[in-house]
*Asks:* 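Please read through the structure below; I'll follow up with questions.
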Number of protein chains: 2
Amino acid sequence: MKRNTWQRQAVRDALSTSGGFVSAQELHAGLREGGSPIGLATVYRALSDLASEGEADSLHGNDGESLYRACSTEGHHHHLICSNCGTTVEIEADAVETWAKSTAEAHGFTQPRHVVDIFGLCPRCSAEAAVAHSA
Amino acid sequence: MKRNTWQRQAVRDALSTSGGFVSAQELHAGLREGGSPIGLATVYRALSDLASEGEADSLHGNDGESLYRACSTEGHHHHLICSNCGTTVEIEADAVETWAKSTAEAHGFTQPRHVVDIFGLCPRCSAEAAVAHSA
DNA sequence: CGCCTTGATGATAACGATTGTCAAAGTCAG
DNA sequence: CTGACTTTGACAATCGTTATCATCAAGGCG
């Protein structure tokens with residue numbers, strides 16, 4: 001049986017409210033800040049459940065944390081992330097969506113989910129890096 | 001100053017020999033098997049260095065480990081990974097390379113590195129999933 | 001409405017991967 | 001060869017995540 005607890009709802013809400021990717025720890029911290037005495041283990045469980053039910057997508061960030069985001073099967077976008085300062089720019093990529101889908105199908109794969117993220121140095125950090133190099 | 005120790009070379013060799021993605025732990029285990037009394041910490045350091053020098057690329061797998069691969073600036077390819085059985089198919093994606101680069105540039109980002117991986121169910125697992133669903 | 005069954009919760013411990021520490025050894029320049 | 005300085009490597013510390021397990025609450029039923 002699947003019970004509908006307020007904790008699970010809280011996690012789901014927090015996830016969709018955040019919009020982008022959030023780590024389990026951040027989500028937990030946020031919920032605690034918001035007054036919920038929710039436990040860390042519960043947040044992990046809820047996220048894990050949501051992910052396996054297809055309501056959330058997960059990927060691993062560059063700092064070893066698992067990031068989750070509310071999965072709206074469409075309205076899907078990717079990220080351009082600064083390796084240095086963490087700035088994130090949301091980008092859309094219909095071309096890539098299409099490519100991913102057709103590539104998956106060409107190999108007989110179904111249920112294509114893709115992780116397309118571009119890491120680089122944002123304009124500011126690029127400038128700083130240039131200075132650091134010349135110094 | 002950057003010293004050139006056999007340990008670092010060993011790591012670099014092991015990385016390029018493996019071809020695909022390897023976890024730090026696997027790499028370390030492999031080196032030990034091969035007779036090198038190299039330390040685990042050293043492997044991590046070497047990989048980290050190689051990654052920051054641009055000689056290696058790193059991404060985080062779905063099991064919490066960091067995966068590294070020798071970065072041949074060209075001959076670069078992506079992976080189509082089965083979420084269920086782990087089968088990996090290498091795919092090429094010039095179109096995506098170009099897209100990633102131009103998108104990064106369009107936002108003023110430099111040193112674009114991208115992570116483009118498609119997860120899905122391979123033909124075999126798709127079939128099994130279909131059976132499981134109908135059962 | 002209250003009881004009972006059963007899954008969910010949460011504090012904590014366990015766990016694995018990664019990173020920091022620091023003495024000892026190795027490497028390179030002179 | 002010698003000295004200075006870096007890297008190594010064993011081990012502990014740290015961090016994120018997962019398992020454990022007693023307790024609690026949700027929901028169905030009488």
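As the structure is a prediction and not an experimental result, all values here were calculated from the model. By convention in this document, chain letters (A, B, ...) are assigned in the order of the sequence lines, proteins followed by strands, and residues within each chain are numbered from 1.
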*Asks:* Can you check the A:E26 CD to D:dC15 P distance for me, whole Å?
*Replies:* 15 Å
*Asks:* If we only count heavy atoms from C-beta on, is the B:Y44 to B:S66 side-chain gap below 4.5 Å?
*Replies:* no
*Asks:* Starting from the C-alpha separation in whole Å, work towards a yes-or-no answer on side chain to side chain contact (heavy atoms under 4.5 Å, CB included) for A:V11 and A:T42.
*Replies:* CA-CA 9 Å; A:V11 169; A:T42 304; 5.8 Å; no
*Asks:* Please check if the number of heavy atoms outside A:E53 that lie under 6.0 Å from its CD is greater than 12.
*Replies:* yes
*Asks:* Identify the heavy atoms of A:A10 and A:L31 that sit nearest to each other, and give their distance.
*Replies:* O-CD2, 3.9 Å
*Asks:* Testing the basics here: between A:P123 and B:H107, what is the closest heavy-atom pair and its distance to 0.1 Å?
*Replies:* CG-O, 3.5 Å
*Asks:* Can you give me the bend angle of the helix from C:dC1-D:dG30 to C:dG30-D:dC1? Use the axis through the first five pairs and the one through the last five, nearest 10 degrees.
*Replies:* 30°
*Asks:* Restricting to nitrogen or oxygen on both sides, can you table the protein-nucleotides 11-21 of chain C pairs closer than 3.5 Å?
*Replies:*
from   : atom 1 : to    : atom 2 : distance (Å)
C:dA17 : OP1    : B:E65 : OE2    : 3.2
C:dT18 : OP1    : B:S66 : N      : 2.6
C:dT18 : OP1    : B:S66 : OG     : 3.2
C:dT18 : OP2    : B:Y44 : OH     : 2.2
C:dT18 : O5'    : B:Y44 : OH     : 3.3

*Asks:* How many Å lie between CD on B:Q7 and C1' on D:dA10, as a whole number?
*Replies:* 14 Å
*Asks:* Considering all heavy atoms of both residues, which atom of B:A104 and which atom of A:I118 are nearest to each other, and what is their separation?
*Replies:* CB-CG2, 4.3 Å
*Asks:* Please give, in whole Å, the distance from D:dG9 P to B:L31 CG?
*Replies:* 11 Å
*Asks:* Kindly give the heavy-atom pair with the smallest separation between A:I38 and A:R32, and that separation in Å.
*Replies:* O-NH1, 2.6 Å
*Asks:* Tabulated below should be each protein N or O lying under 3.5 Å from an N or O of nucleotides 23-30 of chain D; please produce it.
*Replies:*
from   : atom 1 : to   : atom 2 : distance (Å)
D:dA26 : N3     : A:R3 : NH1    : 3.3

*Asks:* Nearest whole angstrom, please: distance from the C1' of D:dT8 to the CZ of B:R8.
*Replies:* 10 Å
*Asks:* Does a side-chain heavy-atom distance below 4.5 Å link B:W99 with A:I91?
*Replies:* yes
*Asks:* Ignoring hydrogens, what is the shortest heavy-atom contact between B:R12 and B:E55? Give both atom names and the distance.
*Replies:* NH1-OE1, 2.6 Å
*Asks:* Looking only at heavy atoms, which two atoms of A:R8 and A:R3 are closest? And how far apart?
*Replies:* NE-O, 4.1 Å
